[in-house]
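Predicted, not measured: the structure shown is a model, and the values here were computed from it. Computed over heavy atoms, backbone and side chain alike; hydrogens, waters and symmetry mates excluded. Order of the sequence lines fixes the chain letters, A, B, ..., with proteins taken first and strands second; residue numbering starts at 1 for each chain.
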Amino acid sequence: MESIVRVRFAPSPTGYLHVGGLRTALYNYLFARHTNGKFILRIEDTDQSRKVEGAVENLIETLKWAGLEYDEGPDRDGGYGPYVQSQRLHLYRQYADQLVEQGDAYYCFCMPERLEELRKRQQEQKQTIAYDRACRNIPVVEARKRIENGEKHVIRMKIPLEGSLTFTDVIRGDVTFQYSVLDDQVLLKSDGFPTYHLAVVIDDHFMGITHVIRGEEWLSSVPKHLLLYRYFGWQPPVLAHLPLLLNPDRTKLSKRQGDVAVEDYRARGYLKEAIVNFVALLGWNPGDDRELFTMDELIREFTLERVGKSGAIFNIEKLNWLNQQHIRRKDTKELAHLLKPIVEMKGIPLKSDEYFCAVVDLLKEKLTVLNDFVEYSRYFFEEPSTYEQEGIAKHWDTDTAHRLTVLLDALSELDTFTKPELEATFKHVAEHFGVKVAKLIHPVRLALSGRQVGPGLYEMMEILGKTTVLKRIQRAIERIQVSPM
RNA sequence: GGCCCUAUCGUCUAAGGGUUUAGGACGUGGCCCUCUCAAGGCCAAAAUACGGGUUCGAAUCCCGUUAGGGCUACCA
């Protein structure tokens, strides 16, 4: 069957992909995949003053990293291109002119300074802030003459002077606006670029967009868009306005109150699986108690009907937990592949792939973020440079030195250096001294890793290998004897 | 200021008029397990913003208040 659903993610390239943007993109993506529709990426770069070099590439890279593959976009033509608004300028001009021709829009020659002053005055007098429609009644013939004379101008849409408009939003239900509170919105700026409102309507129409799924900040401009659809005689898409993502203090999620760029989370060692899972759950739930989802499961379960209405705070604690869960579930080889560059970047000498995987397998259940691995695993790759002070005080004394010496002898006798033999040896030596095995384990862990906490000691020893283990215990004994606590 | 949206544990949320002593998860506290740390298991504290209706019955429907948010640009 031919697919009919077409949705788009339409960001402005102002720098990086925001986590709120990621969620919008994700919901669009999930909806498209769930309905066997198309997911389209469109770049909304109509504000020349906010252009940021490399932002588009960065956006695309992050989107792909997160696993949101689009069917059509700037670098993937689907016959509805171009997918960058600055390359569609002729279209906007043409349709803006058509609206003027029809009498649904007009040329406006008001200078920014006058508008600024108007706003200021309205604000002081506590009036509704809106354009006073000074140019609305200039005859088109006269306006054209002024344009020919080189006068700067914009094109504004005509809002009906009275009446109201009601529309249905999939998430919010029926919403009504009085025309009287709407402004004669600028559609085409004096630099020939369209404003968002004109461009979004024209592009969504010509790209065959069936469902507009975007942030709630757009809800109040819906009447303007719907009016444009009516002026053009086009069928408007289904609308779904998503609740906003919030800072811990309930203001709109922003920089300065923590990271908002997806790439920052990526750099801090969060898995794409965890981030996707997490933002999916911010405003949507499957209707039961499940919380851990793969992308495929999200695609299967996602519906707009289960999207909530209220804003959600971006809570890092839950993300940490999800990241931990996804790390534990990840295949060791894949995880090792992700971890390797992080460790390499710190200049830590890696050993064989086999050795590295063994370490990853042992430590993966202890990681909250990937970057934790660097410090958790360091002693597997290089000699510990220091021993934790508290550990020395707690676990190392002259008695220990004596016990370790005996243990060292016993260990050096071992032919196979695996958990069962190690366990038996420790038990045996502990019994010989009449102490608990813990009395040996803790000092040895400190000797081998320099730390008080870590994975199971026998597993650790198995990976480190006999030679390294004996060497490090010997070194610890010497250290204790030099400066006994 | 005006318009619009929203309102259940600290946080994410379930419950779509009776199945509810309002369920789950994160986080927090306790216990168990245990060589440490995690993980895991068990337990606990923790919410329907407030006030009116409608109804035999309201977290759920209506109105108001309050609070928060969004919009109010030749930004998106």
Between A:D203 and A:Y92, is any side-chain donor less than 3.5 angstrom from a side-chain acceptor?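 A:D203 vs A:Y92: donor-acceptor pair found between side chains.
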Closest to the [X] side chain, choosing from [options]:
{"X": "A:S310", "options": "B:A38, B:A76, B:A7", "result": "B:A7"}
{"X": "A:T195", "options": "B:C12, B:C3, B:C74", "result": "B:C74"}
{"X": "A:K309", "options": "B:U6, B:C12, B:C74", "result": "B:U6"}
{"X": "A:F177", "options": "B:A38, B:U13, B:C3", "result": "B:C3"}
{"X": "A:A438", "options": "B:G40, B:C35, B:C3", "result": "B:C35"}
{"X": "A:Q324", "options": "B:C26, B:A38, B:G68", "result": "B:A38"}

Determine whether any donor atom in the side chain of [X] lies under 3.5 Å from an acceptor atom in the base of [N], or the reverse, and answer yes or no.
{"X": "A:R172", "N": "B:C5", "answer": "no"}
{"X": "A:K318", "N": "B:A25", "answer": "yes"}
{"X": "A:S220", "N": "B:C3", "answer": "no"}

Heavy atoms under 4.0 Å, any strand shown: does A:E317 hit a base, just sugar-phosphate, or nothing? sugar-phosphate
With a 4.0 Å cut-off on heavy atoms, is A:L281 in touch with a base, just the backbone sugar-phosphate, or nothing at all? sugar-phosphate
Establish, with yes or no, whether the OP1 or OP2 oxygen of B:A73 is under 4.0 angstrom from a side-chain nitrogen or oxygen of A:K189.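 Looking at the OP1 and OP2 atoms of B:A73, neither is under 4.0 Å from any side-chain N or O of A:K189.
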Quick one: is B:U36 close enough that its OP1 or OP2 comes under 4.0 Å of any side-chain N or O from A:R451?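 So the side-chain polar atoms of A:R451 never come under 4.0 Å of the phosphate oxygens OP1 or OP2 of B:U36.
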Can you check whether A:R88 reaches A:P194 side chain to side chain, under 4.5 Å on heavy atoms? no
Is it true that A:D169 and A:K309 have a side-chain N and a carboxylate O under 4.0 angstrom from each other? no
For the [atom1] atoms, the ones on [N] and on [M], what distance do you get once it is rounded to whole angstrom?
{"N": "B:A38", "M": "B:G23", "atom1": "C1'", "value": "28 Å"}
{"N": "B:U6", "M": "B:U13", "atom1": "P", "value": "15 Å"}
{"N": "B:G27", "M": "B:A22", "atom1": "P", "value": "25 Å"}

Contact summary for A:Y107 and A:V140, nearest pair of heavy atoms: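 Closest approach of A:Y107 to A:V140: CE1-CG1, 4.5 Å.
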Residue that, paired with A:L228, satisfies side-chain contact (heavy atoms from CB on, under 4.5 Å) out of A:Q185, A:M157, A:H205: A:M157
